[in-house]
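Right, one structure below, let's go through it.
Below, read A as the first sequence line, B as the second, and so on, with proteins coming before strands; counting in each chain starts at 1.
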There are 4 protein chains.
Amino acid sequence: MEAVVLEPNLDLNLRDIEVAEEIGPRDVRVQLNRVGICGSDVHYYKHGRIGPFVVNAPMILGHEAAGTVVEVGSEVTELNKGDRVCMEPGVPDPDSKATQLGLYNLDPQVRFWATPPVHGVLRPTVVHPAKFTFKLPENVSFAEGAMVEPLAVGMHAAKKARIQPGDLAIVTGAGPIGMVTALAALAGGCSKVVMTDFVQPKLDLAAKLGPIVPVNPREESLNGMVNRMTGGWGADIVFECTGSSHIASELFEPLAPAGRVVWVGMPVEPISFDIVAAEVKEIRIETVFRYAHVYDRALALMESGKIDVTPLITDTYPFERSDQAFEHAAAMPESSIKVQVRM
Amino acid sequence: MEAVVLEPNLDLNLRDIEVAEEIGPRDVRVQLNRVGICGSDVHYYKHGRIGPFVVNAPMILGHEAAGTVVEVGSEVTELNKGDRVCMEPGVPDPDSKATQLGLYNLDPQVRFWATPPVHGVLRPTVVHPAKFTFKLPENVSFAEGAMVEPLAVGMHAAKKARIQPGDLAIVTGAGPIGMVTALAALAGGCSKVVMTDFVQPKLDLAAKLGPIVPVNPREESLNGMVNRMTGGWGADIVFECTGSSHIASELFEPLAPAGRVVWVGMPVEPISFDIVAAEVKEIRIETVFRYAHVYDRALALMESGKIDVTPLITDTYPFERSDQAFEHAAAMPESSIKVQVRM
Amino acid sequence: MEAVVLEPNLDLNLRDIEVAEEIGPRDVRVQLNRVGICGSDVHYYKHGRIGPFVVNAPMILGHEAAGTVVEVGSEVTELNKGDRVCMEPGVPDPDSKATQLGLYNLDPQVRFWATPPVHGVLRPTVVHPAKFTFKLPENVSFAEGAMVEPLAVGMHAAKKARIQPGDLAIVTGAGPIGMVTALAALAGGCSKVVMTDFVQPKLDLAAKLGPIVPVNPREESLNGMVNRMTGGWGADIVFECTGSSHIASELFEPLAPAGRVVWVGMPVEPISFDIVAAEVKEIRIETVFRYAHVYDRALALMESGKIDVTPLITDTYPFERSDQAFEHAAAMPESSIKVQVRM
Amino acid sequence: MEAVVLEPNLDLNLRDIEVAEEIGPRDVRVQLNRVGICGSDVHYYKHGRIGPFVVNAPMILGHEAAGTVVEVGSEVTELNKGDRVCMEPGVPDPDSKATQLGLYNLDPQVRFWATPPVHGVLRPTVVHPAKFTFKLPENVSFAEGAMVEPLAVGMHAAKKARIQPGDLAIVTGAGPIGMVTALAALAGGCSKVVMTDFVQPKLDLAAKLGPIVPVNPREESLNGMVNRMTGGWGADIVFECTGSSHIASELFEPLAPAGRVVWVGMPVEPISFDIVAAEVKEIRIETVFRYAHVYDRALALMESGKIDVTPLITDTYPFERSDQAFEHAAAMPESSIKVQVRM
């Protein structure tokens, strides 16, 4: 099949590649319609590796996907041919201890699209387990369906935060993950989100998404803003979405007693914490890795209108121009949040 | 001062009554602006007692209140003269074990407005501890401020439910408490609420408040609706807001495994449960009593626009016609939700 | 193979029966050494059914089992031939939504030993998935290993109670499940357990198991005892282990504010609750069904000496006299807790 | 009264000092019997300050205390003259928001014994609020009663860990706080504790306290030990009790997926974390500050025999030789854990 293939030499080719995919009794075959480009796709494209995962053989990119079921396995009852769907890109070993415990995202044996050596889905069709394939509500488009994957990261972070209704959250970083985390935090019970970034156009977009208060640290103080908003008490949650190693020392200051930090970003450097500053407020730090059990929840919130991701889809390219889509994503223009490919 | 006084013979008089109220160093004096009439006010008016609480002496009614600070105690720093505020009507013993644990609503020594022998606030002014007095955001009116008290019941129920983002909730009963519970559940993270009642006009109003699916059991099956919405899995939460003793046996059927029931209604009769039906799904039953620590949360959600209680304020009477307000509330017309008195 | 077979006419025969069991790549074959008799085994023996589960065909009884691995599947790495093990009797569908969520005990498709039409293990060998087979620590005997199944019920209840260190628990009912629940509650953090039963010899045994305070309601008042022990505050947890429908109305009285009831017993009749009595204390009711994820935890506590189940194994019969073992168990003498069969 | 006074010049004198203490209606007066010396007492003695708290005026040392009630305020009902008691040394503002929420240990206005400018209790008597004064069970001695204060730190950490029955915990550091944390973790539901320290005599003592596995990193690998004990899965909890800034980078390695770190130690330097190592296991980090709501829980576990602190009281000096007690504590001999003063 014709696919967007990253070669070990980091060339990106739209070319024919052989992918053997037999359908099992509990699988479905999906014809891809829309695939978003993730920061990890761009990272492989530019650097050929993420940590221990190295592109040693040609690999199809893309893991944020929506499409249409074109074939169902013999035991599949919950999906039908013609269903519009989106898919979780990671498939764990059903017998691992982590999976058994309901922590399937922590199974080290998980096979995840576009993580070497597993192919991604910038291609015509893919076979996938039915249980990781989710029907799109009628009012959710393919483009929105392909946004469920990044949104799932935010949903998982919101779940981990154990939001209490009316909490005030801070989101550091107004990139795609910061944006979906803010949406998930608001849908998940926060009254407002204070969002920080140095890039003003991203903050301007964020401010249009809901009760989000943008703070550009070049212009004003985050702590000052939070103190004004809470009468000096502090915010309930910080969602760290920058992955910056400079940010850590500032995370505890704007938080209230018993506040919590949910660490979503993945910093490459060690992070230095003033642990006593956390202790005097008994701050809890949650760390998250991908997501589990949130696709249906994300879709339910999109169906009911509580989450709208369409303003985040800033750029769309046809499949034939996937190379330009990658160049666009790699250039990270200030006005772009999510680049998608239309199959 | 002139106040709405319920006499032991159940006469309701707008008359002069002596109320000695000295202001302490951590108190404020509030001039009342708006007072809502609660089902408990009507119950005292009609029956003279609720459980062990008996109207043995003249008592001022009313505990859902908002007004303006007209005097502040010597140690009060967080409030100023002129502040628009609403007040929690219950004041616990600060030294009780329940209060110490943060469970001040469960302190048996709590003094609660309009619960014999404590006077309520259908009167010109009241002295109240500053820590149970909350400043209204600029965009929240006095009428909305007086709704925070009933909304707090829904907020507390939503907090106890430990909602996960995207949960589906059922609310049984579309009276004032059912309505505010639905609003709190949606603001607190639910994707949708299915609301049941036999009174169609109340359901029609509910359906306009947000992603609320009305179900009139005379017309369609709640279980059928939930099954269709969840592919047979079931809902995550039932908020029981009818107080009916007939409802219990039907609560577990529409719930998913690990679902929970939050019991808000206060049935006068014992409730009969099929406990095995709960066990096979490991359903958790939470019971709630009034509220604690939610006034500021309710106000934050009203300020940010996530909760709008104005459609619930269906009727307003001037102070001089408080008797008519009570008659209206007691008659419970199908088109009324909340009756308020304007001071 | 020769097995203890319950016939549809309720005859119990030690006889030859054909059981086809091929070993899969992730299975082990276990030679049974010790099998305990559960109340459900006795119930099938006496009545031929439990709820919707009817003995329509000959069925081998027994599901509390320990033995020795005699063969391992090709992909099994965590177990070896010769390992002494105990086994979880229920095997869920790995693809069900409940299993995926980590709630495998709530999967309606679970296949559970000695629940029609699934054979139990009063027989020489059984093939079982390795992931539901647990190695016994060196200091845990086969007899103790066969006790892990009932203990797991208590462990699961203790986990659901979310015990805080130093909690005071009440256990109603001093049968096998009450006993293991008391042991699990103490090992899980409770300071003491107050145990109630009308059968004095069982209470006398309980009092020897640890800091367990026996209360025979014929002799003294449970509420009086709890009040004395807690200065009138109340207990933190009630574990209901009688399954009696008379007990419910008395469960809330001895509890403290924010107390919880964990309902372990399975009453055949509906249970009548005074829900307002629960509400004024905001009592939480947890219901439990079997167990999940606790076998390794039970074994860890047995290995470290924090749980000792040996005093509960009151009677042991050889395999050939299984019929007598069942008669003994069915007679429920006051001095017996658990009857086991030695293979 | 005659007291152990630390002078601003760091002299330690047993001398007369005037302390005005009127008894309020909800206070008791306690005659001290036993006072333990804490690391913070030694730190003030040696350095004159801890962070922002500076000894600018003569201050009585000591905050780990037990004694006898000699006078009760007019409204005190729960305590009587002659009661043997221990006391929480910190008294918060009852009206602060943190106190109201049940988080009184996080109230910045808390007044804590022997924290400048508040006097400690190495003196004959002290007046204290009844609600922070706890009756000792009959089988708990004054010496054990004075250990409740450090034990409370461990109890609070154990509570924050949300131990599930059978968890495996690691405690880093076998000083007094490490020891009491290990005892609390075991009493609170852990099956075993793995304890690490470089000082072998402390490990040898720890190994006698219960199912505690000592690991001296000079001799063997902590990760190796944990892997052997858990089949490679990892431990559930790390209680960090060294306060060392070198330890952080090693905390995640021995933990299982969904493991948690409870940070009890108070490092003076920032701590450097490999946050991605935490993320791939979704490790949760809890930080704790002193304790709240655990004195009665600690006493309940001591009364029932689940916690025995007597082996930790290694050295006792008479009041007149308090200076020697401080010299002993400051020297930190390897065989000492807790030094106490007998009044």
Under a 4.5 Å heavy-atom cutoff, which of Arg260(D), Lys281(D), Arg162(D) has the most pairs with chain A? Arg162(D)

Top of Arg284(A), Lys160(A), Glu286(A) for chain D proximity - count of heavy-atom pairs under 4.5 angstrom: Arg284(A)

Segment of Leu103(A) engaging chain D (4.5 angstrom heavy-atom cut-off): side chain

I would like to know whether Glu282(D) and Val288(A) meet side chain to side chain contact (heavy atoms under 4.5 Å, CB included); could you show each step before the answer? CA-CA 5 Å; Glu282(D) 292 199 339; Val288(A) 299; 4.0 Å; yes

Which value, rounded to the nearest 0.5 Å, describes the distance between Ile285(A) atom CD1 and Trp263(D) atom CH2? 9.5 Å

Heavy-atom distance under 4.5 Å to chain D: side chain of Val268(A), backbone, both or neither? neither

dist Arg290(A):CZ -> Glu279(D):CD (nearest 0.5 Å) comes out at 11.5 Å

What do you reckon, is CZ of Arg49(A) surrounded by more than 12 foreign heavy atoms closer than 6.0 Å? yes

Supply the atom-to-atom distance Phe273(A) CZ to Thr287(D) OG1, rounded to the nearest 0.5 angstrom. 11.0 Å

Taking every non-hydrogen pair under 4.5 Å, which of Pro108(A), Gly265(A), Gly243(A) racks up the most with chain D? Gly265(A)

Do you know which of Ile283(D), Ile275(D), Val276(D) has the most heavy-atom pairs with chain A at a distance under 4.5 angstrom? Ile275(D)

Using non-hydrogen atoms and a 4.5 Å limit, figure out which bit of Asn105(A) sits close to chain D: side chain, backbone, both or neither. side chain

